[in-house]
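This structure is a prediction, so every number in the text was calculated from the model and none was measured. Every heavy atom of this structure was used, including side-chain atoms; hydrogens, water molecules and symmetry mates were not.
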Amino acid sequence: MLTAVLCLGGIGLVAAATLGAASKKFAVEVDPREAAILDALPGANCGACGEPGCSGYAKGVAEGRLAPTLCTPGGSGTIQAIADILGIEAVATTPQVAVVLCQGDNEKATSKYRYLGLSDCNAAQKLADGPKTCPGGCLGLGSCANACPFGAIEMTPQGLAVINRDKCTGCEKCVSVCPRNVIKMVPKDATVHVLCNSHDKGAAVRKYCQVGCIGCNICKKTVPEAYQIENFLARVDYEHHEDAAQAIEKCPMKCIHDFSTGYPAGSRLATTKPETSKQPAA
Amino acid sequence: MVSLLLILVSAVFVNNFVLARFLGICPFLGVSKKVETAIGMGMAVIFVMTVASVVTWFIQYFVLIPFGIEYLQTIAFILVIASLVQLVEMIIQKTSPVLYQSLGIFLPLITTNCAVLGVAVLSIQKSYSFLESVVFALGAGLGFTLAMVLFAGLRERVELCPVPNSFRGTAIALVTAGLLSLAFMGFAGLVKG
């Protein structure tokens, strides 16, 4: 009995002493600000900052190697928190959100063939450049929705990705996974977008999509400073987008959409208005 | 030499710790979603098993048997293995940050892993010599890694397959593990051990 207690106690004591000594001898100094910054970060490990995860970014910021403004998912709140920890002035950044620049779901746009393979856009894209006739349109197989760490992307029953502007944190995961580059990052305060990604000429677009931009220049004629036309595709100029909404009614293809009036039809979100995307009063 | 080789082959294939002895199922299911992490975990297990078997062998033959308290084997081994892993973690963190980055997160997970304890207890039960128990632990670790990597590879593929909804996730993982285990039963009879 006594030997047992002594032996086990002895082993425990030796182990404890060794661990105690080792923790002093092998102590690794950690910057206390690093832990504080890590707490302030969203913890999604999304990689938007370019580091493998939040802890790597916290380390980089504490060492002064990385700018405190790189965490897009955290937004200005996180930047402010990091700035407080580091004792520096916060710089305001415009929050970015991702938007799918396409409205051509399976009802509005034609397909080249019936795709029955893996439900994955990158797999589909490898098969004769994807089933959709439009070279830039959303394939609707949900690779972006699977990649989104925040559950912000909804796939409509008609096969179109719609990004919830309130849930999107701007981590750009979906942008990198999309094989057709149809998802673009835009400033969050801009609500009017040309939802088309086809650079084909108008006659070709009309053949395969009911809601594609045909490059007719009408939006640019209506609000010259807010639109740019490049290769038969209109884009909102996000530097001067204030009056962009005026051209919505003029667009013959109805491919300009204002998210402050709701999400595109067909989405479950269509009936709800985004909270944070109010248009400026002017 | 031949007997050492037999012990190694037996531990890796025939009596694979995960697929034939069903030890260490928890990390086997938990950390096997990606091949990369499975490899990291496997390396950590090989390392810890080998070091643990060395230390527990000394504890058994120089502390427990001389004092006649073999019945305290389990608790003594757990104590020693847990503190050993902590110590190793500290040393690695200080001396090799690169190794710590790749193994560090797995080390606390296996402090009280049943496969690690199983290796220590089994090599005593089989009354292996010191060298034999080290080879046995190495083989057990290799077998664990092999099972982990195979299973992670399977899971990565199953992830992309049209699995019925009710089977998705852990359910299909358990079915896969069962089939993999059945496949390993094919090694039975290769070596007696």
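- Of the possible polar contacts, one joining the B/Thr145 side chain to the B/Gly42 backbone as a donor-acceptor pair under 3.5 Å is found.
- Chain B is approached within less than 4.5 Å, heavy atom to heavy atom, by no residue from residues 130-139 of chain A.
- Near-neighbour residues of residues 34-42 of chain A relative to chain B, defined by a heavy atom under 4.5 Å from a heavy atom of that chain, are none.
- Residues A/Leu19 and B/Met90 form a side-chain contact, since some pair of their non-hydrogen atoms from C-beta on lies under 4.5 Å apart.
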Query raised in the report: Can A/Ser111 and A/Tyr208 be said to form a side-chain hydrogen bond (donor to acceptor under 3.5 Å, both in side chains), step by step?
Result: CA-CA 8 Å; A/Ser111 296; A/Tyr208 57 65; over 6 Å; no

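- Put simply, the side chain of B/Thr176 gets close to the backbone of B/Ile172: a donor and an acceptor are under 3.5 Å apart.
- Annotation: side chain of A/Leu141 is not in contact with side chain of A/Asp120 (no heavy-atom distance under 4.5 Å).
- Of the atoms belonging to A/Leu118, it is side-chain heavy atoms, and not backbone ones, that fall under 4.5 Å from chain B.
- Rounding to the nearest 0.5 Å places CD1 of A/Ile163 at 4.5 Å from CD1 of A/Ile183.
- Within residues 3-16 of chain A, the residues having any heavy atom less than 4.5 Å from a heavy atom of chain B are, in residue-number order, A/Thr3, A/Ala4, A/Cys7, A/Leu8, A/Ile11, A/Gly12, A/Ala15.
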For residues 59-73 of chain B, dump all side-chain donor-acceptor pairs below 3.5 Å to protein atoms at least two apart in sequence or in another chain.
{"residue": "B/Gln60", "atom": "OE1", "partner": "B/Gln73", "partner atom": "NE2", "Å": "3.3"}

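- The backbone N or O of B/Pro162 lies less than 3.5 Å from no partner atom in the side chain of B/Arg168, so there is not a single donor-acceptor pair.
- You'll find the ring centres of B/Phe144 and B/Phe17 outside the 6.0 Å limit.
- Between the side chain of A/Thr156 and the backbone N or O of A/Leu160, at least one donor-acceptor pair lies under 3.5 Å.
- Classification of A/Arg65 and A/Glu63 as a salt-bridged pair holds, one side-chain N sitting under 4.0 Å from a carboxylate O.
- To the nearest 0.5 Å, the span separating NZ on A/Lys108 from CD on A/Gln158 amounts to 7.5 Å.
- A donor-acceptor pair is defined here as one N or O able to donate and one able to accept, closer than 3.5 Å; such a pair exists between the side chain of B/Glu132 and the backbone of B/Ser129.
- With a threshold of 4.5 angstrom between heavy atoms, B/Ile91 approaches chain A through its backbone and through its side chain.
- Side-chain contact between B/Val54 and B/Phe130 is present, with at least one heavy-atom pair separated by less than 4.5 Å.
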